[in-house]
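Before any comments, here is the structure.
This chain uses plain numbering: 1 for the first residue, then up along the sequence. Computed from a predicted model, the values in this text were never measured in an experiment. As the structure lists them, so they are numbered: ligands from 1, and atoms in each ligand from 1.
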Amino acid sequence: MAKKMVTGNPAIWIDPPGAAMYCPGCQHPVVHRVIADVIEEMGIDGEVICMLGVGCHAFVQVAWNIDMLSCAHGRALDSGTALKRLKPEAIVFTVQGDGDCIAIGAGAFVAAMTRAEKITTIMYNNTNYGTTGGQLAPTTLLGQKTTTTPRGRDASVEGYPAHTAELAATFRGTVYSARGSVHTPANYQRTKKYIKTAFQKQIDGAGYSFVEVLVACPPNWHLPPVECLDRIENELIVEFPLGEFKNEDKII
Ligand code: SF4
């Protein structure tokens, strides 16, 4: 009996070499796939424009066949603001790492939410600066060893992990904020729903929308890929709970 194909790649997916750029067990390509699925299911591939930050997430430029712009480090939201104002009919979204969004790009992030820009951010949180060798990031867990905190993050010296999705929810200009993960099939589906909702808020002209996604970084976590999934479940989610933190139809 002929086998029936029950799934396939979304039309915007270029594979290979897109996913081949990443370390084994990296979950960035998984999130790329979630976003690509959402774009296909919503039928918006001709309308989206992606603003890329700097970091491992930016390799998505060889994984998707859509309009994209590579931005200066931390400035994807500034560039996205300009583009959305010039082309308001476009669905503009930024793809950023935690370092790009809440460290070097924190000013642009706060400013975009303050101005209630009608754009969407998807932030990949792997709790370190993966591309440059695993340095401390604002999201690094207490006790986590990085190349700049070899004895582990110490709150008395380096402070506490930044809770970006919760922060985003406190801004009036933000209408949607959520945090998901892709470490189980159920969470993959939930994250897909969050990203779809975030895009829909922009399409409806409601305000700024934000989705943070927890992702594994095996080489910088010094763990095999399967143990990274346990770490997400037992450590990351304890610090960074999953769910929706804000869901409004308009700015209130
Ligand atoms: S360094 Fe980490 S985030 Fe970057 S590609 Fe490797 S696993 Fe992924």
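- Between F210 and Y176, the ring center distance fails the sub-6.0 Å criterion.
- Applying the salt bridge (Lys or Arg N to Asp or Glu O under 4.0 Å) test to pairs two or more places apart or on separate chains, none has a residue in residues 122-131.
- In this structure, Q144 CD and N220 CG are separated by 9.0 Å, a value rounded to the nearest 0.5 Å.
- Distances below 4.0 Å separate heavy atoms of N126 from the following atoms of ligand 1: 3 (S).
- Inspection of the environment of atom 6 (Fe) of ligand 1 yields the following protein N, O or S atoms under 2.8 Å: C23 SG.
- Checked by atom type, the side-chain pair N187/T184 shows a donor-acceptor distance below 3.5 Å.
- In L86, the CG atom is crowded: over 12 heavy atoms of neighbouring residues, nucleotides or ligands sit closer than 6.0 Å.
- In this structure, a donor-acceptor pair under 3.5 Å is absent between the side chains of Y129 and D100.
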